[in-house]
**Student:** 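Pasting a structure below so you can have a look.
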Amino acid sequence: MAKYFEVQVTVHHEVDGGKGGVKIKKIKENYLVDAMTVTEAEARVVKQFEDSGVQLEYEVTGAKESKILQVID
């Protein structure tokens, strides 16, 4: 039986802060990951961000086992 984990990531986006300044906006994103452990789920999210080729500042801020039983395509 598959296990799913909810991994929360905070992504730091640079936005125009007005008056020529730059402001950092933090956006929380949630990902559902099929993995055997929390550690594996976090590692998969980090790998996904690294492999995307986009240079973003981010941090994994939480991970927990999901109550979702099955993902139906």
**Student:** Between V9 and Y31, does the side chain to side chain contact (heavy atoms under 4.5 Å, CB included) criterion hold? Intermediate values first, please.
**Tutor:** CA-CA 8 Å; V9 178; Y31 295 91; 4.0 Å; yes
**Student:** If you count heavy atoms of other groups shown closer than 6.0 angstrom to CD of E29, is the number above 12?
**Tutor:**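 Count over threshold, so yes.
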**Student:** Taking the side chain from T61 and the backbone from Q8, do they hold a donor-acceptor pair closer than 3.5 Å?
**Tutor:** yes
**Student:** Keeping R44 on the side-chain end and D34 on the backbone end, is there a donor-acceptor pair under 3.5 Å?
**Tutor:** yes
**Student:** Passes side chain to side chain contact (heavy atoms under 4.5 Å, CB included), Q70 versus I72? Steps please.
**Tutor:** CA-CA 6 Å; Q70 182 179 7; I72 300 172; 4.2 Å; yes
**Student:** For a 4.5 angstrom cut-off between non-hydrogen side-chain atoms, does H12 reach E59?
**Tutor:** yes
**Student:** Considering only heavy atoms from C-beta outward, does the side chain of I27 approach that of T10 to under 4.5 Å?
**Tutor:**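 No, every pair of side-chain atoms sits at 4.5 Å or beyond.
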**Student:** Side chain to side chain contact (heavy atoms under 4.5 Å, CB included) between V22 and D16: does it pass, once the steps are laid out?
**Tutor:** CA-CA 5 Å; V22 176; D16 182 19; over 6 Å; no
**Student:** Taking transitive links into account, so neighbours of neighbours count too, which hydrophobic residues share a cluster with M36 at under 4.5 Å side-chain distance?
**Tutor:**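 Members besides M36: none; it forms no cluster.
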**Student:** Please evaluate residues E42 and V38 with respect to the criterion side chain to side chain contact (heavy atoms under 4.5 Å, CB included), reporting the C-alpha separation (whole Å), side-chain torsions for both, the decisive distance (0.1 Å), and the verdict.
**Tutor:** CA-CA 6 Å; E42 290 175 348; V38 172; 3.9 Å; yes
**Student:** Could you pull out the closest heavy-atom pair between A41 and V7, with the gap in Å?
**Tutor:**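 Here A41 and V7 meet closest at CB-CG2, 3.9 Å.
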**Student:** How many angstroms lie between CZ in F5 and CD1 in I68, if you round to the nearest 0.5 Å?
**Tutor:** 12.0 Å
**Student:** Does atom CD of E14 have more than 12 heavy-atom neighbours, drawn from other residues, nucleotides or ligands, at distances under 6.0 Å?
**Tutor:** no
**Student:** Which distance, rounded to the nearest 0.5 Å, do you find between the NZ of K26 and the NE2 of H13?
**Tutor:**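 It is 12.5 Å, given to the nearest 0.5 Å.
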**Student:** Nearest heavy-atom pair of L69 and Y4: which atoms, and what distance?
**Tutor:** O-CE1, 3.7 Å
